[in-house]
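A, B, ... follow the sequence lines: proteins, then strands. Residue 1 opens every chain.
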Amino acid sequence: MAGLYNSISVSEAAALQKEMRNKLILETLENFMVHTIGGADISFNKYETTVYAGIIVLSFPDLHPVAYSLVKTEVTFPYVSGYLAFREAPALIEAWEQLPQKPDVLVVDGHGIAHPRRMGIASHFGVLTGQPTIGCAKKILFGKYEPPLDVRGAYSYIHDKEDVLGAVLRTREKVKPVFVSPGYKLNLQDSINIILQCMGKYRIPEPTRRAHELVNAFRRGELQEGYIKL
DNA sequence: GCGACAG
DNA sequence: ATCTTGTCGC
């Protein structure tokens, strides 16, 4: 899909997000049916429009890499806070379509419904592909919250008025928390439970951390574009 | 008008 | 996001 969101303005993007919001589905997901989980991320050189997108598939709950997809494309939309999906989703979807077997759940680097119009990149990607997604960001974008206790696994909620949008999760003691929110086809509790099971030795949950490692290696030329079954 | 602001 | 060395704290 080259040219998706090519000549679109920010106001038009906002209108699109409001329409997509009506297509959101946040039902309960059967946790025991999750056997594979994916991590999606992109990397690029500063000042350049070439993006290196990738999706890593891990076994669940073992979290061992089983496959990955890498795609190099050109971005056509600038980075504007609140509209990340219009810049990164196209590349991620190409990497996604290149996967013969899709993971049961995909963790996207960014927010899900913890967004002004409930349409962060994880939700956006989910609505477009129909796949269950979870948003896992390193910084808050929208909503209020109290810091969670300094204990591994502790979490508090992100809220906007009466709406609970996500969770602020402490993945390790004495490190900044990460922000988790449902993207598509699963609720907040499912999202939290799954991310809790994705905590490894580092601050960033395994799916996102491995995806970030993957695309950086790709950008540095250490890996080739394509699909690899491990 | 002022402050906030994913990657 | 990416560019970068040392440095402070557990």
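B/dG3 atom P lies 19 Å from atom CG of A/Leu141, rounded to whole Å. A/Ile121 has its CD1 atom 13 Å from the P atom of C/dA1, to the nearest Å. Taking atom OH of residue A/Tyr145 and atom C1' of nucleotide B/dC5, one finds them 13 Å apart after rounding to whole Å. Rounded to an integer number of Å, the gap from A/Asp160 CG to B/dA4 C1' is 14 Å. In this structure, OH of A/Tyr52 is placed 17 Å from P of C/dA1, rounded to the nearest angstrom. Separating the CD atom of A/Gln17 from the C1' atom of B/dA6 is a distance of 12 Å, rounded to the nearest angstrom. Between A/Ile140 atom CD1 and B/dG7 atom P the separation is 11 Å, expressed in whole Å. One atom, NZ of A/Lys144, and another, P of B/dA4, lie 9 Å apart when rounded to the nearest Å.
The aromatic rings of A/His111 and A/Phe179 lie tilted to each other, with the angle between the two planes from 30° to 60°. Using bins of under 30°, 30° to 60° and over 60° for the plane-to-plane angle, the ring pair A/Phe86/A/Phe77 lands in the tilted bin.
Salt bridge status for A/Lys138 with A/Asp109: present, with a side-chain N to carboxylate O gap under 4.0 Å. The residues A/Arg118 and A/Asp160 are annotated as salt-bridged, a charged nitrogen and a carboxylate oxygen being separated by less than 4.0 angstrom.
Checking C/dC3, B/dA6, C/dA1 against every side-chain atom of A/Asn45, the shortest atom distance belongs to C/dC3. Among B/dC5, C/dT2, B/dA6, the nucleotide with an atom closest to any side-chain atom of A/His115 is B/dA6. The side chain of A/Lys46 lies closest to C/dC3, out of B/dG7, B/dC5, C/dC3. Residue A/Arg219 places its side chain closer to C/dT2 than to any other of C/dT2, B/dA6, B/dC5. Considering only the side chain of A/Lys174, C/dC10 comes nearest among C/dC10, B/dC5, B/dG7.
When heavy atoms are screened at a 4.0 angstrom cut-off, A/Gly135 is found touching no nucleic acid atom at all. Here A/Arg172 lies out of heavy-atom contact (under 4.0 Å) with every strand. Counting non-hydrogen atoms under 4.0 angstrom, A/Tyr83 reaches a base of the nucleic acid.
For the atom pair A/Asn216 CG and A/Ile42 CD1, the distance stands at 11.0 Å (nearest 0.5 Å).
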Could you go step by step and tell me if A/Arg203 and A/Val178 meet the side-chain contact (heavy atoms from CB on, under 4.5 Å) rule? CA-CA 8 Å; A/Arg203 176 174 86 107; A/Val178 294; 4.0 Å; yes
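Checking each of A/Gln98, A/Glu225, A/Glu97 against A/Ser69 for a side chain to side chain donor-acceptor pair (under 3.5 Å) leaves exactly one that passes, namely A/Gln98.
With the 3.5 Å cutoff on both pairing distances, Watson-Crick and G-U pairs in DNA chain B never assemble into a run of at least 3.
In this structure, the aromatic ring of A/Tyr79 is positioned over the six-membered ring of the base of B/dG7, centres within 5.5 Å and planes within 30°.
Here A/Lys138 reaches the OP1 or OP2 of B/dG7: one of its side-chain N or O atoms lies under 4.0 Å away. For the pair A/His212 and C/dA1, the criterion of a side-chain N or O lying under 4.0 Å from OP1 or OP2 is met. Close to B/dA6, at under 4.0 Å from its OP1 or OP2, lies a side-chain N or O of A/Ser81. Of the side-chain N and O atoms in A/Asn216, one or more sit less than 4.0 angstrom from OP1 or OP2 of C/dT2.
Note on A/Ile121: it clusters hydrophobically with A/Val10, by side-chain heavy-atom contacts below 4.5 Å among ILVMFWY residues.
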